Every structure is written in structure tokens, then in C-alpha cells.
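Order of listing sets the numbers, starting from 1, for every ligand and every atom in it. Worth saying up front: this structure is predicted, and the values here are computed from it rather than measured.
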Amino acid sequence: MIKKPKGCEDIIFSDAKKIKYIENIIDEVMEKYNYNYIDTPIFESTELYHRSVGEVSDIVTKETYDFTDRGGREMTLRPEGTAGVVRSYIENKMYGMADQPIKLYYNGPMFRYERPQAGRDRQFSQFGVEVLGSDDALVDAEVISLAYNIYKMLGLSNVVVNINSLGDTESRDNYRKLIVDYFTPHIDSLCDDCKRRLDSNPLRILDCKVDKDSKIMKNAPKILDSLNKKSRKHFDKVCEYLDVLQVPYSINSSIVRGLDYYDHTVFEFVDNSMEGNANVLGGGGRYNNLVNELGGRDIPAVGFASGISRVLLALESEEVELDIRDDIDLFLLYVNDTEKNYALYLAQELRMSGFIVETEYLNRSLKAQFRQADRLKSKFISVLNSNDLDNNEIKIKNNKTKEEEIINLDALIYYLEEKSTDEVLEDIYNLDN
Ligand code: AMP
């Protein structure tokens, strides 16, 4: 038997329904914030990721799926969304459009060759936003609050934002020197990755998962103390706007993020009900130099990305009941061919009017059809009968109360609409009491 690749998932049945639900909420919230959906290629030239994510980042050195296409071009399956969006922004000259800043959102599969574990797959879906063309701290705060509100709309109540600032290039250069001076005498006591990072990317030492609780790490100089005046002001403004938006955040100086392109604000969303590293639902930050580094103009930008499967794990951890239907409105049962034709026709009419309708596909006995209707939790059932249908009538039974009525066929849609309204009202009444 051929099996799925390691670190990949078949998303099926109830999980698939939950993911569709999550995606609908994402679309709804993005629409309210007036973000435009963008769909970029799933593979791009390898060079794009080397220049954006960073030559020495973990993603580029260890995790990309690279291949040479039949034309001899070096290609990479996208490990994250920002690089492709920024490439598209430059290629489509979005900086020249009338509406600025450009507000974009995406949702789709990403690929990283990681060691698979809970919440860490080799193919996973991320949704995210990028806002290009404004350096106002309001945008940083809006992006953070947008993500926070998606989690909240989904019913998550234990999500907090950890936020930090890496400052501008000047602040970061100063801090990098401080950090190298600080860690150099202690380097033998740190893990192999940290030893490597001291030369290549010293800031990443700070978010080392191995050494995070060591005294050396805890006493390391804080980047917020190295911010120059301009960077400090930007960070203070972001915090002020988050207060206005009532987003709960905590300042955490160990957040540096794994991708090389960030400056100023960086943030992560953590679900406190979850254990282990999979409790990071998403993160992002400002990247004022990336557009320029990829060959575009000097355009400031900010964005975030969140893993859909992590959100699903968080919903399970917080035991959130999603408002997803697991029943159907009507099951049409039949015996002979005339009734079968009617079932086919009526099912189509009712489905096009918005009802979830099922009928028999396997020519089973009536008894087996009743069982199937129960399995599907059909609210109503109707055993089609040629005589009734000739009289333009249909017998319909409430599958819960077992009450049965004969109604005019022309009134069927109205009847089902009325019954579902009654049910909604009853639910509201029960909630109120
Ligand atoms: P990153 O692009 O590394 O900043 O990751 C942003 C978010 O994407 C993380 O917080 C996760 O929710 C999700 N994510 C990243 N890598 C994986 C993965 N290998 N499997 C599942 N989700 C992931």
C-alpha cells in the first residue's frame, strides 16, 4: 500500500469540516478589515528564499524542499508566505496603485523539511497578512489585533500576545555587538546551534529552546535597552495602540523570530492552555528592508502568519465547540422508479433553495433507508409515494417528534423554512432561559 509522505496529513471528515469553518471565519474577518486575498505560486525560484528568509536561517539551511525543474531552474516549495507576496508586490508594481497602503492576506500550504511532531508537519497550511506601504505603528497594532480577533471569533480565550522590538538597523547593530561580547566568554556552555549562531546570527541565540532557562541566557542584555530614540518611540506607540484596542500583550525580550527579515516590532501568539512548543499559534513582525532587499523600493511593511493546524489543536485544547452542523434537513426515501425520479428532482430543488438533502444511492430496502436517515441525523424524512405525488402532495415526518403531516408539494420549501425558523427561535428561547 502506498502511504502518505512523512509529516503530511490527510485532512478528512470532521477535521476537514472544522478547517473549512476556521477558514470561513478568517475570510469574514479579513473582509471586515478590507484585506485583499492574494494567491501566489506554491513554488518560487530558490533565490527568492535565500535573499528573503536569509542564507543562514534554519529554514533555508535545513528545511527547504528544493528541486531542479525540467528546464534546469532551481526551484523551492514555499516554506512561508511573505517572500512570495513581496515578490508579487514588486512584480505587479503595487507600490504605484492609488490605494495605499496595500493590505493583503493569504491562506495556503507551506513546506518545511522538519522533524515531524505534534503541531509540526512537513506540509502545513498558514494564513497570514502583509501590509505594505506604511510605517505607522497603528498598522503594527492593527495587524496584531486582527489576528487576535480571529482567534477570539473562533472561541479561543487563552491566547496572549508576546511582543518585542528589534529596533531599526542602527539599534540592532549596537545590540548585536553587545550580545557577541556578552556570550563570547560563555560560549562553551551553550548548545552547538548557539555556538554556530554566535558568528552567523547572534540574535537567534536568544530564542534557543535548549538553553532558554540557563542563567547566562536570563542575564543577557535586553534588546529593548539598546533601542535608539526613534525605535523606542515606535515600540511605545504600538503598545499604546494595543491598549486602545484592548489586546492583552506582554513584553518579552526573548522573542527574535526565526526569519532574518524582521526589524522593529516582532510578536508571537501563544495559547496558554497548550503545552510544549506547539502552543505558538502564529507570529510576525515589521520588515522595513525586505522590499528593498528583493529589488523593490524602500517600502516599509508588516505582517503575520499563523498555522491552521495549530489553531485546530488550540481549539481542541480549549475544548471549544464550533458551530458546525452534523445533521441534515431531509432524507428522501423511495421504493419504485417513479418515486426515485421524484427523489432526484426534489433533492435538487431543495438543495438549490439552501437545504441539506440526501436520498438513497444504493437501492436498499426501506428499512435500511430509515437506518441511513437516522445515521445522517436527518431532521425530517419523507417516504415518497407515487399516489401522493400524483395528487401534488408529500408526506413529511419530523424524525425527532415522529409527527407526520401531509402537505402540498408546492409548499414544501416554505414548510421547511418555517420549521427551521421555529427551531432557531426555540434555540434562542432555550439560551435565554
Ligand atoms: P513561522 O513562519 O515559522 O513564523 O511560523 C508561523 C506559524 O506557522 C507558527 O506559529 C505555526 O502556527 C505555523 N507553523 C510553522 N511551521 C509549522 C509546521 N512545520 N507545522 C505546522 N505549523 C507550522
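- Ranked by closest heavy atom to atom 12 (O) of ligand 1, the top entry among Thr82, Leu281, Asn277, Val266 is Leu281.
- Phe67 and Phe43 have their aromatic ring centers within a separation under 6.0 angstrom.
- Contact atoms of ligand 1 toward Asp121: 18 (C), 19 (N), 20 (N), 21 (C) (distance under 4.0 Å to a heavy atom of the residue).
- Using modelled atom types and a 3.5 Å distance limit, the side chains of Asp66 and Thr76 yield a donor-acceptor pair.
- Using a 3.5 Å distance cut-off with no hydrogens or angles, the side chains of Glu130 and Thr82 do pair a donor with an acceptor.
- Close approach to Arg257 involves these atoms of ligand 1, each under 4.0 Å from a residue heavy atom: 1 (P), 4 (O).
- Close contacts between ligand 1 and Gly119 involve ligand atoms 20 (N), 21 (C), 22 (N) [criterion: under 4.0 Å to a heavy atom].
- When the heavy-atom distances from atom 19 (N) of ligand 1 to Glu114, Glu80, Glu63 are ranked, the shortest goes to Glu114.
- Taking only nitrogen or oxygen atoms, main chain and side chain alike, Gly282 reaches within less than 3.5 Å of ligand 1.
- Among Met110, Arg112, Glu268, Arg120, the residue whose heavy atom sits closest to atom 1 (P) of ligand 1 is Arg112.
- Not a single N or O atom of Gly283, backbone or side chain, sits closer than 3.5 Å to an N or O atom of ligand 1.
- Using modelled atom types and a 3.5 Å distance limit, the side chains of His264 and Asp135 yield no donor-acceptor pair.
- Crowding of Arg375 atom CZ: a count of heavy atoms from other residues, nucleotides or ligands under 6.0 Å exceeding 12.
- Judged by distance alone, the side chains of Ser231 and Ser171 do bring a donor and an acceptor atom under 3.5 Å apart.
- For Phe127 and Tyr105, the ring centers are positioned 6.0 Å apart or more.
- Less than 4.0 angstrom separates some heavy atom of Ala305 from each of these atoms of ligand 1: 6 (C), 7 (C).
- Here the shortest heavy-atom distance to atom 17 (C) of ligand 1, taken over Phe127, Phe124, Phe304, belongs to Phe124.
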